[in-house]
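Remember, it's 1-based here, ligands and their atoms both numbered in the order they're listed.
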Amino acid sequence: MRLVLLGAPGAGKGTQAKKLIDKYGIPQISTGDILRKNVADGTPLGKEAKVIMDAGGLVSDKIVLGLIEDRLKQSDCKKGFILDGFPRNTAQAQSLDGILKNLGMPIDSALSVDVPKDDLMKRLTGRRTCKGCQQMYNVYFSAPKKDGTCDKCGGALFQRDDDKEETIKKRLDVYEAQTAPLFDYYGKKGILKSVMGVGSIDEIFSKVCKILGS
Ligand code: AMP
């Protein structure tokens with residue numbers, strides 16, 4: 001399976017991707033995660049990206065395409081992959097098609113996870129991540145037992161800089177303007193599918209599996 005996950009920030013693409021990894025044994029490739037790792041490691045690329053990420057904008061296509069091409073060439077992608085948060089605009093989608101054509105492994109589905117805007121705001125502003133084990137919580141829907149502390153490892157929970165309210169508004173605007181045209185892009189190729197991303201994680205996942213034909 002070679003899958004692109006589409007959907008607004010907070011739609012739950014990452015959560016569904018993690019369940020797909022377990023089911024299919026293929027890697028999830030999240031450009032957001034790769035960029036955040038660079039930020040945490042203080043690499044030159046991370047320093048450049050952080051300013052843009054904190055403002056809710058898109059990191060340059062050149063940077064992101066370089067990261068993606070390197071990752072897709074790794075051997076674990078031969079059996080398939082799930083792209084999460086990439087592509088984010090039409091130029092990235094076109095470049096991705098070029099890279100995958102050269103590698104002989106084109107995308108077979110683009111799955112859109114659809115969530116109403118009000119829900120997205122709560123999901124994003126409420127999101128907290130453990131510094132220790134990266135476990136995710138939401139103060140509205142899945143709060144930890146003890147405020148600010150991870151149930152699993154006792155680590156401190158933090159809010160991503162780009163999950164602050166103002167940045168979220170910007171990210172959602174950028175999504176509408178730049179990423180939403182990808183529905184058309186993949187629709188025209190005849191590989192676009194969509195799922196309502198509301199309900200429990202497991203309910204959504206069972207719909208995802210049905211739609212993907214498994
Ligand atoms: P995400 O976790 O996917 O929402 O990504 C967090 C932030 O990383 C985004 O708001 C962008 O600033 C940046 N980012 C992630 N993926 C991309 C991409 N494909 N193109 C440009 N910027 C990206």
Practice task
Answer yes or no for Arg36: is there a heavy-atom contact with ligand 1 below 4.0 Å?
Solution key: yes

Completion exercise
ligand 1 to Met53, heavy atom cutoff 4.0 Å, flagged ligand atoms 7 (C), 8 (O), 12 (O), 13 (C)

Handout entry: Test of proximity, Gly57 against ligand 1: N or O pairs below 3.5 Å
Key = yes

Exercise for the section: Starting from atom 22 (N) of ligand 1, locate the nearest protein heavy atom and write down its residue, its atom name and how far away it is, to 0.1 Å. Expected result: Val59 N, 3.1 Å

Practice task
Report, in ascending order of atom number, the atoms of ligand 1 lying under 4.0 Å from any heavy atom of Gly85.
Solution key: 16 (N), 17 (C), 18 (C), 19 (N)

Fill in the blank from the handout: What one should report as the nearest heavy-atom pair of Cys130 and Gly155 is SG-CA, 3.9 Å

Handout entry: Asp162, portion touching ligand 1 at heavy-atom distance under 4.0 Å
Key = side chain

Fill in the blank from the handout: Short version for Arg160: what comes under 4.0 Å of ligand 1, heavy atoms counted, is side chain

Completion exercise
One should read off an interatomic distance between Leu3 CG and Leu111 CG, to the nearest 0.5 angstrom, of 6.0 Å

Exercise for the section: Give the single entry among Leu35, Thr31, Leu5 that approaches atom 14 (N) of ligand 1 most closely by any heavy atom. Expected result: Leu35

Completion exercise
In this structure, CG of Asp33 is separated from CG of Asn38 (nearest 0.5 Å) by 11.5 Å

Practice task
Keeping the roles fixed (side chain from Thr179, backbone from Arg88), state whether a donor-acceptor pair exists under 3.5 Å.
Solution key: yes

Handout entry: Polar proximity ligand 1 side, Gln92 side, N/O cut 3.5 Å exclusive
Key = yes

Practice task
Answer yes when Lys18 and Asp22 have at least one side-chain N-carboxylate O distance shorter than 4.0 Å, and no when they do not.
Solution key: no

Exercise for the section: Please confirm whether the backbone N or O of Ala91 pairs with a side-chain atom of Ser95, one donor and one acceptor, at under 3.5 Å? Expected result: yes

Handout entry: Closest non-hydrogen atom pair between Arg123 and Asn138, with its separation
Key = O-ND2, 2.9 Å

Handout entry: ligand 1 contact by Gly56, heavy-atom criterion under 4.0 angstrom
Key = no

Practice task
Run down the list Arg171, Arg88, Lys170, Lys50 and name the one with the heavy atom closest to atom 9 (C) of ligand 1.
Solution key: Arg88

Practice task
Heavy-atom distances under 4.0 Å are what count here, so tell me which part of Leu58 touches ligand 1: side chain, backbone, both or neither.
Solution key: both

Exercise for the section: Please check if any side-chain donor atom of Thr43 sits under 3.5 Å from a side-chain acceptor atom of Asp41, or the reverse. Expected result: no

